[in-house]
Amino acid sequence: MAGVRLVNVVKKYDSTLVIPQLNLEVEDKEFVVLVGPSGCGKTTTLRMVAGLEEATEGQIFVGNREVTELRPGLRNCSMVFQNYALYPHMTVKENIAYGLKVRKTPAAEVEKLVSDAARILGLTEFLNRRPKHLSGGQRQRVAIGRAIVRNPDVFLFDEPLSNLDAKLRIEMRAEIKNLHHRLNVTMMYVTHDQVEAMTLADRVVVMRDGVIEQMADPITLYEQPANTFVAGFIGAPSMNFLSADLLQEGEVLQLQLEDGSRLPVPAKLSARYAAHSGKKVTFGIRPEHVCEASGESNAKAPVKVNVVEPLGPHTLLMGQVGETRFTAQVDAHLKVQPEESCPIHFNMESMHLFDPGSGKVL
């Protein structure tokens with residue numbers, strides 16, 4: 001097996017710059033997920049590793065081999081596509097074995113590799129069926145089986161679950177994560193679904209406009225986002241952002257929101273933010289880090305509720321703090337109606353402050 005390294009990789013389509021300059025290193029046996037909004041360059045990056053797109057500049061390495069100029073078949077990477085790309089006239093067994101037969105692999109070895117892949121993926125009883133007689137999840141497992149039998153250095157997944165329903169996506173996520181554990185191989189995976197990225201990855205690469213905004217393990221991304229883009233993209237529902245003035249009142253550092261509410265900055269965070277007192281800041285707080293305010297709360301603000309969404313274990317209140325949209329995750333049994341004002345307590349231990357100009361974390 002082998003890792004993947006992209007060094008100063010640039011991608012242009014004629015005069016359109018898609019990826020300005022990308023440096024990325026995936027360790028051997030690591031599961032790395034590239035995530036970001038549509039058009040951020042994540043699929044283009046994956047296709048350049050596979051050899052399906054040509055890098056305009058830079059170098060691509062698989063293990064110790066530079067593969068920048070090699071055609072896809074010589075890179076020893078297996079790609080699993082969004083649309084399965086199965087041959088409808090072939091059985092499951094024939095689909096999985098097709099690439100091996102093209103390479104003139106001995107029949108006995110083909111039989112063993114297909115049998116092993118079918119066993120790993122739970123496809124043994126479906127080997128004689130054609131794709132039209134399979135569910136979406138089963139078809140995707142066939143596509144993965146076709147990749148497994150090649151024994152590649154690197155597995156590449158291009159949004160493989162996007163055509164499945166919500167329940168099946170959750171099941172297939174678990175299967176792919178288990179597959180990585182069992183095969184102990186290098187995997188690069190592209191998705192626009194940040195929940196998928198967080199649940200699968202050893203490390204997540206968050207991209208925007210062809211640029212890596214942050215690369216870290218899922219918990220670090222969630223707890224220590226580098227900027228407002230990462231903070232807003234990672235987490236569901238996304239982080240709330242409120243404009244505030246950072247004020248020094250005696251020994252206490254406070255945030256004053258646009259509606260006049262004041263929120264004290266915890267003492268353990270004051271030293272970090274004291275240098276920014278007297279300035280405008282962007283205050284970030286996740287919906288799960290607020291709750292209904294009690295009379296004892298000294299860090300609260302009123303939320304004018306527009307929509308109430310009961311979700312079972314908790315309820316989402318969507319409304320406004322001042323003129324800014326705000327989402328709060330509260331107890332499922334809290335009785336609040338649209339158009340009411342609800343006092344919300346902020347867990348300031350979980351606050352984030354960002355520069356309002358650059359969006360970078362302070």
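Worth knowing before you read on, the calculation uses all heavy atoms, side chains too, and leaves out hydrogens, waters and symmetry mates. All values derive from a computational prediction rather than experimental measurement.
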Item to complete: Answer yes or no: is there an ion pair linking Glu249 with Arg262, defined by an N-O contact shorter than 4.0 Å?
Response: yes
Worksheet item: Is Thr199 reaching over with its side chain to a backbone N or O of Glu196, donor-acceptor style, under 3.5 angstrom?
Response: yes
Discussion item. If hydrophobic clusters are built from ILVMFWY residues whose side chains come within less than 4.5 Å, do Ile234 and Phe241 share one?
Written reply: no
Worksheet item: Taking Arg75 for the side chain and Val49 for the main chain, is one N or O donor matched with an acceptor at less than 3.5 Å?
Response: yes
Discussion item. Donor-acceptor check, side chain of Gln138 to backbone of Ser135, threshold 3.5 angstrom: yes or no?
Written reply: yes
Discussion item. In terms of relative ring orientation, are His180 and Phe31 parallel, tilted or perpendicular, with 30° and 60° separating the classes?
Written reply: perpendicular
Discussion item. Under a 3.5 Å distance rule, please check whether Thr186 uses its side chain to pair with a backbone N or O of Ala2 as donor and acceptor.
Written reply: yes
Discussion item. Atom NZ of residue position Lys280 - does it have more than 12 heavy atoms of other residues, nucleotides or ligands inside 6.0 Å?
Written reply: yes
Discussion item. For Val62 and Leu70: C-alpha separation, side-chain torsions, deciding distance, then whether side-chain contact (heavy atoms from CB on, under 4.5 Å) applies.
Written reply: CA-CA 11 Å; Val62 174; Leu70 294 183; over 6 Å; no
Worksheet item: Side chain of Arg169, backbone of Ser162: donor and acceptor closer than 3.5 Å?
Response: no
Worksheet entry | Tyr98 atom OH, neighbour heavy-atom count above 12 within 6.0 Å | no
Worksheet item: From Leu362 CG over to Leu246 CG, what is the distance, rounded to the nearest 0.5 angstrom?
Response: 8.5 Å
Response to the item:
For Gly145 and Ile96, the nearest pair of non-hydrogen atoms, with its separation, is O-CG2, 3.8 Å
Fill in: Stepwise side-chain contact (heavy atoms from CB on, under 4.5 Å) test for Ile120 and Arg182
CA-CA 9 Å; Ile120 290 170; Arg182 293 173 68 176; 4.0 Å; yes
Item to complete: Dump the intermediate steps for side-chain contact (heavy atoms from CB on, under 4.5 Å) on Ile144 and Phe157, then the final yes or no.
Response: CA-CA 9 Å; Ile144 294 170; Phe157 293 87; 4.0 Å; yes
Fill in: Side-chain (Lys11) to main-chain (Pro20) donor-acceptor, under 3.5 angstrom
no
Worksheet item: Just checking, is any N or O donor in the side chain of Tyr13 or Glu53 under 3.5 Å from an acceptor N or O on the other one?
Response: yes
Discussion item. Keeping Arg130 on the side-chain end and His89 on the backbone end, is there a donor-acceptor pair under 3.5 Å?
Written reply: yes
Worksheet item: So if you build clusters from Ile, Leu, Val, Met, Phe, Trp, Tyr with side-chain heavy-atom gaps below 4.5 Å, do Tyr273 and Met348 land together?
Response: yes
Practice prompt. Spell out, as yes or no, whether a donor-acceptor pair under 3.5 Å connects the side chain of Asp209 to the backbone of Val211.
Written response: no
Worksheet item: Are Val32 and Leu6 joined in one hydrophobic group, where the rule is that I, L, V, M, F, W and Y side chains link up if heavy atoms are under 4.5 Å apart?
Response: yes
Discussion item. Restricting to non-hydrogen atoms, name the atom on Met318 and the atom on Thr327 that form the minimum distance, rounded to 0.1 Å.
Written reply: CG-OG1, 3.6 Å
Practice prompt. Of all the heavy-atom pairs spanning Leu255 and Ala244, show the shortest one and how long it is.
Written response: CD2-CB, 4.1 Å
Practice prompt. Give a yes or no on whether Arg65 atom CZ has more than 12 heavy-atom contacts from other residues, nucleotides or ligands under 6.0 Å away.
Written response: yes
Worksheet item: If Ile, Leu, Val, Met, Phe, Trp and Tyr residues are connected whenever their side-chain heavy atoms lie under 4.5 Å apart, and connections chain through other members, are Val204 and Val26 in the same group?
Response: no
Worksheet entry | Pair Thr91-Leu127, side-chain contact (heavy atoms from CB on, under 4.5 Å): steps then yes or no | CA-CA 7 Å; Thr91 64; Leu127 285 175; over 6 Å; no
Worksheet item: Should Val230 and Val205 be counted in the same cluster of Ile, Leu, Val, Met, Phe, Trp and Tyr side chains packed under 4.5 Å apart?
Response: no
Worksheet item: Between Pro302 and Ser261, which heavy-atom pair has the shortest distance, and what is it?
Response: CD-OG, 3.6 Å
Item to complete: Might you point out which heavy atoms bring Val7 and Asn23 nearest each other, and give the distance in Å?
Response: CA-OD1, 3.4 Å
Worksheet item: Rounded to the nearest 0.5 Å, how far apart are OG of Ser341 and CD of Gln320?
Response: 11.0 Å
Discussion item. Counting only heavy atoms not in Gln59 (residues, nucleotides, ligands), do more than 12 fall under 6.0 Å from its CD?
Written reply: yes
Fill in: Reported OG1-to-CG distance for the pair Thr282 and Asn240, which is rounded to 0.5 angstrom
12.5 Å
Discussion item. Main chain of Ser277, side chain of Gln248: is a donor-acceptor contact present, judged purely on distance under 3.5 Å?
Written reply: no
Discussion item. Using a 6.0 Å cut-off, check whether atom CD of Glu111 has over 12 heavy atoms from anything other than its own residue.
Written reply: no
Item to complete: Quick one: pull up CZ in Arg173 and CG in Leu164 and give me the separation to the nearest 0.5 Å.
Response: 11.5 Å
Response to the item:
When rounded to the nearest 0.5 Å, the distance separating CE of Met48 from CG of Leu22 is 6.5 Å
Fill in: Minimum heavy-atom distance between Pro160 and Val80, given as atom pair plus value
CB-CG1, 4.3 Å
Fill in: Side-chain donor or acceptor of Lys42 paired with backbone N/O of Gly36 under 3.5 Å
yes
Item to complete: Please determine, by modelled atom types, if Thr191 and Asp193 share a side-chain donor-acceptor pair under 3.5 angstrom.
Response: no
Worksheet item: SG of Cys342 to NZ of Lys300: how many Å apart, nearest 0.5 Å?
Response: 11.0 Å
